[in-house]
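Read the structure below first, then the notes.
Every value quoted in this text rests on a predicted model; they were computed, and no experiment measured them. Numbers restart at 1 for each chain; the letters A, B, ... are given by sequence-line order, proteins then strands.
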Amino acid sequence: MSFKIYNSLSRKKEEFKPLHEGFIGIYVCGPTVYSDVHLGNVRTFISFDLITRYMRHLGYKVRYVRNITDVGHLEGDADTGAEDKIGKKARLEQLEPMEIVERYTLGFHDVMRMFNVLPPNIEPRATGHLIEQIETVKEILKRGYAYEVNGSVYFDTLKYAEETGKYGELSGRKIEELIALSREDLKNQDEKRHPSDFAIWIKADPSHLMRWPSPWSVGFPGWHLECSVMSTKYLGETFDIHGGGSDLKFPHHENEIAQNYGACGHAPARYWMHTNMLLMNGRKMSKSDGNTITPLELISGNSPHISKGYHPMVIRFFMLQSHYRSTLDLSDEALQAAEKGFKRLMEARRHLLDMKHPGRGEKGELDSEINRLLDQVYEEMSDDFNAPKALARLFELVNRINALKGGQASFEQLTPETFQRLQQTFPAFISDVLGLEDPTDKGGSGQAELLHKLIELLIELRQKARQEKNWAMSDFIRDALKNMGVTLKDSKDGTEWVLE
RNA sequence: GGUCGGGUGGCCGAGCGGUUAGGCAGAGGUCUGCAAAACCUCGUACGGCGGUUCGAAUCCGCUCCCGACCUCCA
């Protein structure tokens, strides 16, 4: 099955055509590991997790590369004279830069695991590719798209712009505007020929903790360089998709394209995908101005912005309810609504898995509805990964599943084949594509099994009490369990329980 | 100031020329010892003002708000 992608470069939805039939190469800009990941990161990586999961689900062999930035990302607004983020943190905490990198990389992986984000196939680090980066700088110099000044090397944006007319193509900027609006107070601006030029190798002053020898100086690579170099190394000079947060369009991705042109004469990726921002209180979540909540705070509830903690799967579900290209405004109220919706979805999934088709059924209206809805789930996802629409169809299926379970709908209207399709596709889509796992599915540990049996025993005792019309005892058991977080639900074929 | 993207029913959030989005909350009903759950029914919403059209939330113009990027952030 084919699918469509909104290409940020053309600003249009395009039919996706892979470079090599059946294979997809995708590169996504990963985090700079100088502090805990924030939720905005999580949303971006959940979005790309959804996208790569779906591509795999459709049968593509995907190579997903997502880097770790562990050098070269500077604070402040200059290419030089500013401090490296990781270097700064290391200085403040009196640790080795690599201790900082290690700590936050591990923390990042923990958070990704909690949200059931699958690891990329390759997760390269900038510091692991110094040799390749230096080689690329040499190549760009050799081809004449960069120049050296006092041990630093700058990319010649003007030359690139004049030659291709493409500088600013991705972000919708014009180089004349970039000239006019560049800030006056850039340090070392006199080293640059043009204000929009950017450093690809930066000479380090002696206080700089992270520096490496190079033909030009003891220094470090410019931030944008690593992505050009590592994407080329692992995916080739041209690959299918490049992704990242929309705030990376400029200057990061624009400069990346320029560098690739400088190094090999053409742009790296054919499709560019950008995820939109996560907002809180109507404003972008930002590390720098405090309008933020960390993933762990959101899970624990330890934040003034929320009334309680939310399960990571609830948060993931909440994020999937909006399209990746739309902004999403986080609020406590919206999360509570998501929590209930998520439970409803997962409960239906459990019920469906427990159901059996009696064996006889006709192609009734229900049959065609279910087939139609299942088809639509895929159509929606294939239209630029429209998870919210796919979820809407899934919820219509929830309705049908519950009706079958509750007896309001009959299996007689449903062929065994269609039921089988539903029973396979519905749960598979939820877990494989949406990456939503049932928190009540605790596997088969001995403890969990004991718990199950004890609850079943209490339900049996309550059943006896009910038969004897001993409502006091019956309600006592129900209320006591409720207080422990176990909700009982009576239906005509017995009592079920859910662990909250 | 420049560039881009938004303003959708109580809340979140799809849709982007004609069809019910969906979730949560709310109202009524069925079922039930009661409750919960489930099922059925119920909302005619698209910032404002004009215009195009047989028909606009969806296209065009003006206008008012909001946000992002332009400077480190996904």
Side-chain angles (χ1 to χ4, degrees), chain A residues 11 28-32 34-35 37-48 73-78 82-85 168 171-174 176-178 180-183 185-186 223 243-252 274-279 282-289 292 317-318 321-323 325-342 344-345 347-348 351 376 380 386-396 398-399 401-409 466 469-471 474-475 478-479 482 487-492 495-496 498:
Chain A
R11 288 149 212 257
V28 174
C29 292
T32 302
Y34 69 105
S35 70
V37 239
H38 75 117
L39 256 192
N41 266 300
V42 172
R43 150 116 123 143
T44 294
F45 299 136
I46 284 179
S47 295
F48 283 107
H73 204 158
L74 302 184
E75 290 215 314
D77 55 7
E83 198 166 6
D84 184 283
K85 290 180 171 211
S171 52
R173 262 158 251 262
K174 294 195 177 72
E176 305 82 57
E177 284 160 8
L178 294 170
L181 291 165
S182 279
R183 289 170 64 137
D185 57 350
L186 290 176
W223 170 41
S246 62
D247 53 351
L248 291 181
K249 269 189 194 174
F250 189 88
H252 186 58
H274 289 96
T275 58
N276 216 135
M277 300 293 102
L278 179 65
L279 307 180
R283 279 172 30 240
K284 180 181 174 182
M285 280 194 133
S286 168
K287 283 182 201 173
S288 49
D289 69 5
T292 188
F317 172 80
F318 168 71
Q321 273 188 305
S322 74
H323 188 90
R325 279 192 288 114
S326 301
T327 53
L328 172 61
D329 203 346
L330 185 89
S331 71
D332 195 51
E333 213 181 349
L335 281 164
Q336 287 189 23
E339 185 171 58
K340 292 190 178 168
F342 174 69
R344 189 167 135 89
L345 181 69
E347 209 167 303
H351 289 155
Q376 283 177 341
E380 304 297 6
N386 200 328
K389 276 184 115 184
L391 272 169
R393 298 302 142 259
L394 251 23
F395 271 104
E396 291 187 54
V398 165
N399 177 270
I401 292 165
N402 286 337
L404 278 171
K405 173 161 171 59
Q408 293 92 346
R466 291 178 74 199
K469 299 210 192 297
N470 184 351
W471 309 128
S474 157
D475 291 353
R478 185 174 67 196
D479 295 345
K482 178 81 186 168
T487 306
L488 300 188
K489 295 173 185 175
D490 296 329
S491 73
K492 57 180 165 56
T495 298
E496 289 167 37
V498 207

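Separating the C1' atom of B:C46 from that of B:U8 is a span of 4 Å, rounded to the nearest Å. Rounded to whole Å, the separation between the P atoms of B:G67 and B:G18 comes to 32 Å. Comparing the same atom, P, in B:A35 and in B:A68 gives a spacing of 49 Å after rounding to whole Å. Taking atom P in both B:G1 and B:C16, the straight-line distance is 33 Å, to the nearest Å. When the C1' atom is compared between B:C12 and B:A21, the two are found 14 Å apart, to the nearest whole Å.
In this structure, of B:C11, B:A14, B:G23, it is B:G23 that holds the atom nearest to the side chain of A:Phe395. In this structure, the nucleotide among B:G22, B:A74, B:G13 sitting nearest to the side chain of A:Ser322 is B:G13. Among the nucleotides B:A21, B:A14, B:C70, the one closest to the side chain of A:Phe250 is B:C70.
Between A:Thr495 and A:Arg466, the closest side-chain pair of non-hydrogen atoms falls below 4.5 Å.
Taking a pair as Watson-Crick or G-U with both hydrogen-bonding distances under 3.5 Å, the stems of three or more pairs touching RNA chain B are B:1-7 with B:64-70, B:10-12 with B:22-24, B:26-30 with B:38-42, B:47-51 with B:59-63.
Side chain to side chain, A:Lys482 and A:Thr487 meet the donor-acceptor criterion of an N or O pair below 3.5 Å. Remark: the A:Thr275 side chain and the A:Ser47 side chain contain no N/O donor-acceptor pair separated by less than 3.5 Å.
Evaluation of atom-type donor-acceptor distances gives no pair under 3.5 Å for the side chain of A:His274 against the base of B:A74.
Between A:Arg393 and A:Glu396, at least one side-chain N (NZ, or NE/NH1/NH2) sits under 4.0 Å from a carboxylate O, which counts as a salt bridge.
Look at CG on A:Asn276: it is 16 Å from P on B:C4, rounded to the nearest Å.
The side chain of A:Asn386 places an N or O atom within less than 4.0 Å of a non-bridging phosphate oxygen (OP1 or OP2) of B:G15. Listed pair A:Ser326 / B:A14 meets the phosphate criterion, a side-chain N or O lying under 4.0 Å from OP1 or OP2.
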Run the salt bridge (charged side-chain N to carboxylate O under 4.0 Å, His left out) check on A:Glu347 and A:Lys405 step by step: do they pass? CA-CA 11 Å; A:Glu347 209 167 303; A:Lys405 173 161 171 59; over 6 Å; no

Would you mind building the protein contact string for nucleotides 29-39 of chain B? One character per nucleotide, 5' to 3', B for base within reach (heavy atoms under 4.0 Å), S for sugar-phosphate only, - for untouched. ----BBBBSBS

